[in-house]
Structure formats: structure tokens, C-alpha cells
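Heads up, the thing below is written out as C-alpha cells.
So that the names make sense, note that chain A is the first sequence line, chain B the second, and so on, each numbered from 1.
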Protein chains: 4
Amino acid sequence: MKEKITTQSIILFEKKGFSQTSIQDIVDVLEVTKGTFYYYFSSKEQLLMDIHSDYITNLLERQQLILDNQDLSQKEKLSRTIRLLVTDIADKGPSARVFFREVRHLANDNIENIKKKRDQFRLNIEKTVNEGVQQGEFRKGLRTDMITFGILGITNWSYQWYKPDGEVSIDDLVEIYVDMILKGIEQ
Amino acid sequence: MKEKITTQSIILFEKKGFSQTSIQDIVDVLEVTKGTFYYYFSSKEQLLMDIHSDYITNLLERQQLILDNQDLSQKEKLSRTIRLLVTDIADKGPSARVFFREVRHLANDNIENIKKKRDQFRLNIEKTVNEGVQQGEFRKGLRTDMITFGILGITNWSYQWYKPDGEVSIDDLVEIYVDMILKGIEQ
Amino acid sequence: MKEKITTQSIILFEKKGFSQTSIQDIVDVLEVTKGTFYYYFSSKEQLLMDIHSDYITNLLERQQLILDNQDLSQKEKLSRTIRLLVTDIADKGPSARVFFREVRHLANDNIENIKKKRDQFRLNIEKTVNEGVQQGEFRKGLRTDMITFGILGITNWSYQWYKPDGEVSIDDLVEIYVDMILKGIEQ
Amino acid sequence: MKEKITTQSIILFEKKGFSQTSIQDIVDVLEVTKGTFYYYFSSKEQLLMDIHSDYITNLLERQQLILDNQDLSQKEKLSRTIRLLVTDIADKGPSARVFFREVRHLANDNIENIKKKRDQFRLNIEKTVNEGVQQGEFRKGLRTDMITFGILGITNWSYQWYKPDGEVSIDDLVEIYVDMILKGIEQ
DNA sequence: GATGAATGAGTTTTCATTCAT
DNA sequence: AATGAATGAAAACTCATTCAT
């Protein structure tokens, strides 16, 4: 039931937004009562926190798998990270959108926790770019922090407009963005 | 007074979000009453609509000035458009953030109107890129629609993280992004 | 202007009801402002009072003309009074409906005043019936007070359903009701 | 609790009118909160609709019992219908008054429903009168539709003035009106 | 595990009214 | 005579949350 509630919430939060979705809306779809909700979650925000936590934890894990692979060039690591982010649109579109849009609704305590992990993810990218610069794969003199934000902008923005049933496939999109980004920063 | 309300609303909407900001919050700061608010606006959403409308209208106008300048290369037009977007962070950060984050809260009728203009802005960029391709300034075979979304991603994402009092100036940021984008797509 | 406001108010009060009609609604139609309204009337209720007062005063006057005519039998006086009430649907439908429906919204002080006149009108009818009984035109032993309420019920109820553009003319309706009532009480 | 709310609402709606009665007024008497009200009713209008629906449904049922009795003459059926309406003043005065006065406040969708049933009630009376004419109990040539409105006028108007503690009993009033109406239309 | 009743604090909105100009 | 800005009190309604069962 807990899982059902989470899944349904994500769908509704994505469609209507966190504050526009009431607990009632969620439990109505599942045909249970509000009491049930509060049996599993201590508050609405707690649920949002869970969603965020699950999402970023999973993302970080998968990023780590890429980074741990010693055989890969920095270019390759970066490409795979871009792929990681963009492909999530297909698999986890709603979660991702909730993740990007609704951070604001987390209370201060929780927000720190999530922010730390988001920063971790970003800094991992930055580190990859930095090493790529040192190893001559990327241009010297890049402001790698700004570049990293730029990379995240390209990928994350896609959650705002990408339609899975459009004419461009996820694979094509990954290729286009990898190409644009690498050309933008390589030697 | 109408202007005061709008200005104050933008500040609060940016800080707390549209749905987390009550009319009471707004009028409290201005030391007037809710009645005053409803004297000038027919609803909370109407106010949000005004904010959106003002923002996008102004942006489109300034974009048009760039596009109308016949002497500029497509690269130059693109650079100036990027500058236009990024510099708005300094001048109109709060408005911009409200614009990007709170579209969801516009009702259906209004949303169409705004969407049309947002699309117009995007398609204007796409057209510039297209012409740049035809005139040999940019690489052949680019998916210019996806590239355009990428450009918007880089610039618009900056509203999420850029702090005006940080170590990087707006001008530096513009230069970094112009460089990254042009390298990413030029011949 | 005062007259214009009154006329327009009656139309709106009839269509939407007194409490569903705002001062704003009234002045909007006349393309003036609320200030104008308060220049002529001290309150919304004052306006309603005026409407009531005008209506009942005029009705009483016309009733008096009938009663003062010494040549008429009581039957004839009663017939003419019925005609008086029913024909007002055509001429003054809206005022009449407002008069019957919205008394409740008068404040206590005013209500007394109007009630007194309404009672006067009713008691005049009762007196006519009484004299008719004494003069042998109507049956002995009638509860003339109840009969009078019955007569008023028949006529006043017509404001609830009568449509001027229906198949029955006002004159026909008067004839039908006079006939029904007289047969109902005559010797 | 739902029933308590309904009962109390009827009392208040009768005393002060629907729009002059706030949800707060209702729940104050019951010493519960507004939340409780909205737990049972989706809106103020929904409550009014319930009241109307209950009233007219019950009235129609009781009318049907009269009409189904094959042994009764049309005169007798008509008398009993008049009794049905008038006696409700004693038993259900407040509901009845709310029913007659506040239809206007039902929204369009609901109003249709109620109107249909009110019309049904009226047409049942008209049918009785019609059959009475055919069977020679009532005069030939009557406009039975107008007559029916007249009958309803007499009975319904009593809700406006009848005081249960006055000098005339309900039974007397029924007798007076039955007499007046039958004399008014019989052969 | 789950329900159903109830709460209370807050939300947007309405509107008669006032008053300086 | 009339306006336009502002008020303040109240309205209907929402909703996260609690808790006894």
C-alpha cells in the first residue's frame, strides 16, 4: 500500500503539482481513506521527501557505477552521465519532473539533505570535466563549474518539453546533446 | 498601488512560490487590505497572468530588436540573444524565476496565450540557428529544434542557481556560455 | 439618475434576487460608479425600501379609487380589485415580484411601515367582503379573513408563474379568477 | 450529524432566509465547526438541494397515495390534496416555507430536477380537475390549468401568513378553502 | 492496517460602505 | 454631481492533520 501511495502521488504531483494535489485526491484514486495515508506517512511533506530521496539516491548510485569504471575516458564518463540523465525521462519522467519542480516544498531540514546529494551529483560531473581538462580531453581554461551547470541545464531542461511520443527518440536526443556538449568543450 | 502590488508579489512569489504566497502575505507588506488587492486585480491568477504577460512581451520585443538588425551575422544574433536571456538574471531575476516556475498555475485560457509567445521566442532562436546553418556559420545536419532546446536549457537553468553576488559576473557567464554553445554548433 | 438607478435595480433584483445583486452590478449597467449610487441612496436597503414604498403606495391609491366609488356593488368592487392586482403583472411585473419576494430584506424599522400598508390593502378587501356578506351578495357565515387570504393567494401566486407571452391573456386570466372567486363565495 | 445539520438549516433558512444564513450560523448552533459541515455536504447549495429534494419527493409520494385510491370521487381527491398541502404547514412549516421561497438559489442543473417534480405535482392536480369536469363533478368549460394555479395559490399562500397559534385551526382552514374552491368550480 | 468523523487554521473572494477630491 | 481608491467584515470553501475505534 505504501508503494501504491507513492506511485500514485508521483503521477498526481506531476500532473497537478504538489500543492494542487490534496491527500484526498491521492487516496480517492486508490479507494482508501485519508487515515490510511497517515498510517504510512507522517505528513504530506514526508511523502514528498521520500520521493526525492528515492530519486536522487538511485541517480547517485547509477552515477557512481559509471565513475567507478576505470577503463573509461572522461569523455566517455561524461557521455554516459548525460545518457543517464536523459534516459530517465523515458523511464522515470514523472518522478524526475516532480524532483526538479517540487524541491521548494520540502521543509528546511529535509531540503538540506536532498541538496547535499544534488550537489554531490553535480560535483561528480564537475570532477569528471576537471579531469578531462587535466588529461587534455577538454580545453584548458574552462570554468568547469559553470560548464557543469550548462550541461545540467541542457539535460534537465528536457524534462520541460520532451514528449516521449514525439518524432525524436531518446537515443537520438542523447546523441545530439552529447555531440553538442563535447564539441562545446573538447580540445 | 497596482504597480506596488505587482512588484511585491513577484518578490514573494519568487521567495515562497505562488501557491505558498497568500494575498494576505502580499498586502501585509504593503500595509493595505485585501480589498485593495481585489480593487486592482480580479483574482490571484489574474495577477500572475499580468506578471507573465509583462515579462514575455518585454522579452519578445527586445529579441525582435536583435533580429531586425540586418547587419549582424547569425552567430552574433545568437550571442546577443543568449546575452539577453542571461543578463535578465541580474535585472529581472525574480520576475524571470516566477516566469519559469509558475506557469503551471495559470488557468487554461491564459496558459495558451503565454505559451504561444514562449513558443514564438523559441522559434525565433530556431530560425536564427537554421539560417546560420544555411549560411555556413553552423554545422550542416544539426537538429536545430533540439539544439534550440539545448540553448534554452543552458540559459534558463541559470535562474535556478545563479547568485548575483557570487564570484562569477554576469558578463563572464555570458562569455562562457556563448563560447560553449558556439563551439558546440559551429562549423 | 435616481430614477434610472431604481428602474435598473428592479430589473436586476427580479432577475437575480436582492442579495445576489450587488451595487456594482447596478452601476455597471448604468455606466456610473458606486459613489454615484451612494450620492442618491444612503444604503442598499434604502433603495429596496423605496421600491417597496412606491409600489404599495401606488397600489393603495388605486384601491382607494375603487372603494370610493359609491355606485359599485361589493361584487364589483371585489372584481375590480382582483383586476387591479392581476393586471399589474403586465405593467409592473418586475416591481411586483420584487415586492412579493424581497420583503424579508427590509430591516425591522422599515418592514413595519410596509407591513402596515400591506395589511391596510388586505383589510380593505376584507371589509369589502364583509359588506358583501351583510348586503347579501356573499354567503353568510364566511370566515372573511381567511377568504381574503385565499383571494390574495390566487392573485399574488400568479406572479410566480404567469408569462405575458403565454396563450392566456391578462383579461382572460382576470375573468377566470373573478369567476372562480365569486362563485366560491357568492350566495 | 448530517440530519442535525439539515434540521437546523431549515430552521435558520426559514427565519433568516437562505442567503442571510451563513454556514457559520448553522454550525454555531450545533457547536461543531465548518469543517464538519463540509464533511457532510459539498456546498451550501447542495444542502439546499437536499432539503428541496426531500420535501418534494415526500409530497409527491403522499399525493400518489390519494390518486391511487380508486374509490374516491374527483372532488374527494381534490379535497384531500388541498388538505395534504395545508396540513403540511403544521407538520413541516419551516421546510415548506424554505421550499417555496428559496428555489431561486438552486443552480441551474438542480433546479431542473426540482422543477420537474413540482410540475408533476401541479399536473396531477390539473388531471384531477379535468376528470372532474368530464365526470360532471365540475363545471364545463373551465380553464383547468389556470384553475389549478389558482388552487395552488390559495393553499401555498397560506405559508406566508398562517400562524399555528392563531385563532383558526388547520382543520378549519382546510374546510374553508375546500369549500371556497369546490364552490368556485363545481357544477 | 484501516476507517470515519471531526477539527481549526487558513484560503480566496465578495461587497456594502466611506470619503477626500 | 460624481469619482476612484480603499476598507473591513464576513462569506464559502479547502485541507492537512488527529484520533477513537
Side-chain angles (χ1 to χ4, degrees), chain A residues 1-2 4-5 18-28 30-48 105 107, chain B residues 1-2 4-5 18-27 30-48 105, chain C residues 1-2 4-5 18-28 30-48 105, chain D residues 1-2 4-5 18-28 30-48 105:
Chain A
M1 176 53 49
K2 190 173 185 178
K4 268 176 156 183
I5 293 175
F18 178 76
S19 29
Q20 267 55 50
T21 304
S22 68
I23 309 282
Q24 194 64 61
D25 290 339
I26 297 165
V27 297
D28 275 357
L30 301 173
E31 291 179 312
V32 292
T33 60
K34 276 187 279 192
T36 305
F37 179 91
Y38 281 93
Y39 181 77
Y40 292 106
F41 297 93
S42 62
S43 72
K44 195 184 173 189
E45 201 218 317
Q46 171 61 238
L47 160 64
L48 185 62
H105 295 101
Chain B
M1 178 52 48
K2 189 172 185 179
K4 272 176 155 184
I5 294 175
F18 177 76
S19 27
Q20 267 54 52
T21 305
S22 68
I23 309 287
Q24 193 64 60
D25 290 339
I26 297 165
V27 297
L30 301 173
E31 291 179 312
V32 292
T33 59
K34 274 179 286 191
T36 304
F37 178 92
Y38 283 95
Y39 181 74
Y40 292 104
F41 297 93
S42 60
S43 71
K44 195 183 171 189
E45 203 216 312
Q46 174 59 240
L47 161 65
L48 185 61
H105 295 101
Chain C
M1 177 54 47
K2 189 170 185 181
K4 268 176 158 184
I5 293 175
F18 178 75
S19 29
Q20 269 55 52
T21 304
S22 68
I23 308 283
Q24 194 64 61
D25 290 338
I26 297 165
V27 297
D28 276 357
L30 301 174
E31 291 180 312
V32 293
T33 60
K34 276 186 281 191
T36 305
F37 179 91
Y38 281 93
Y39 181 75
Y40 292 105
F41 298 91
S42 61
S43 72
K44 195 184 174 189
E45 202 218 316
Q46 170 62 238
L47 160 65
L48 185 62
H105 294 100
Chain D
M1 179 51 50
K2 191 174 185 179
K4 270 176 157 183
I5 294 175
F18 178 76
S19 29
Q20 267 55 50
T21 303
S22 70
I23 308 288
Q24 194 63 61
D25 291 339
I26 297 166
V27 296
D28 276 356
L30 301 173
E31 292 181 310
V32 293
T33 60
K34 272 180 287 191
T36 304
F37 178 91
Y38 283 96
Y39 180 74
Y40 292 103
F41 298 92
S42 60
S43 72
K44 194 184 173 188
E45 202 215 313
Q46 173 60 238
L47 161 64
L48 185 61
H105 295 101

- [ ] Specify the residue among A:Gln20 and D:Lys44 whose closest nucleotide of DNA chain F lies further upstream toward the 5′ end.
- [x] D:Lys44
Open item on the list: When you compare the side chain of C:Gln20 with that of D:His105, does any pair of heavy atoms fall below 4.5 Å?
Closed with: yes
Open item on the list: Does any part of the side chain of D:Met1, heavy atoms only, come nearer than 4.5 Å to the side chain of D:Ile5, both counted from C-beta?
Closed with: yes
TODO: May I ask you to say what C:Ser22 touches in the nucleic acid, namely base, sugar-phosphate or nothing, with a heavy-atom cut-off under 4.0 Å?
DONE: sugar-phosphate
- [ ] Would you give the length of the straight line joining atom CZ of C:Phe37 to atom OG of C:Ser42, rounded to the nearest 0.5 angstrom?
- [x] 8.5 Å
TODO: Stems involving DNA chain F: give each as a range paired with a range, ordered by first number, where a stem means at least three consecutive Watson-Crick or G-U wobble pairs under 3.5 Å.
DONE: E:2-21 with F:2-21
Open item on the list: Please classify the nucleic acid contact of B:Thr21 as base, sugar-phosphate, or nothing, using heavy-atom distances under 4.0 Å.
Closed with: sugar-phosphate
TODO: Nearest-nucleotide wise, let me know which of C:Val32 and B:Gly35 is further upstream toward the 5' end of DNA chain F.
DONE: C:Val32
Task: OP1 or OP2 of F:dA2 under 4.0 Å from side-chain N/O of C:Thr36 - done: no
Open item on the list: Checking C:Asp28 now: which residues fulfil salt bridge (charged side-chain N to carboxylate O under 4.0 Å, His left out) with it, not counting sequence neighbours?
Closed with: none
- [ ] In whole angstrom, give the distance that lies between atom CZ of D:Phe37 and atom C1' of E:dG8.
- [x] 17 Å
- [ ] Take atom CD1 of B:Ile23 and atom C1' of E:dT13, then tell me their distance rounded to the nearest Å.
- [x] 9 Å
TODO: Would you mind reporting whether C:Val32 and C:Val27 have side-chain heavy atoms less than 4.5 Å apart?
DONE: yes
Task: Phosphate OP1/OP2 of F:dT17: any A:Tyr38 side-chain N/O under 4.0 Å - done: yes
TODO: Measure from NZ on C:Lys34 to P on E:dA16 and round the result to the nearest Å.
DONE: 7 Å
TODO: Provide, to the nearest angstrom, the distance between the CD1 atom belonging to C:Ile5 and the C1' atom belonging to F:dT3.
DONE: 13 Å
Open item on the list: Which residues pass the side-chain hydrogen bond (donor to acceptor under 3.5 Å, both in side chains) test with A:Glu45, not counting sequence neighbours?
Closed with: A:Asn110
Task: Nucleotide E:dA6, atom P - distance to CD of A:Gln24 in whole Å - done: 15 Å
TODO: Could you tell me whether B:Tyr40 contacts a base, only the sugar-phosphate backbone, or nothing, with contacts defined as non-hydrogen atoms closer than 4.0 Å?
DONE: sugar-phosphate
- [ ] Could you tell me the separation between the CD1 atom of D:Ile26 and the P atom of F:dA12, rounded to a whole number of Å?
- [x] 8 Å
TODO: Determine whether B:Ile26 and B:Leu47 make a side-chain contact, defined as any pair of heavy atoms from C-beta on separated by less than 4.5 Å.
DONE: yes
TODO: Take the protein atom CZ of D:Phe41 and the nucleotide atom C1' of F:dT14, then report the distance between them rounded to whole Å.
DONE: 18 Å
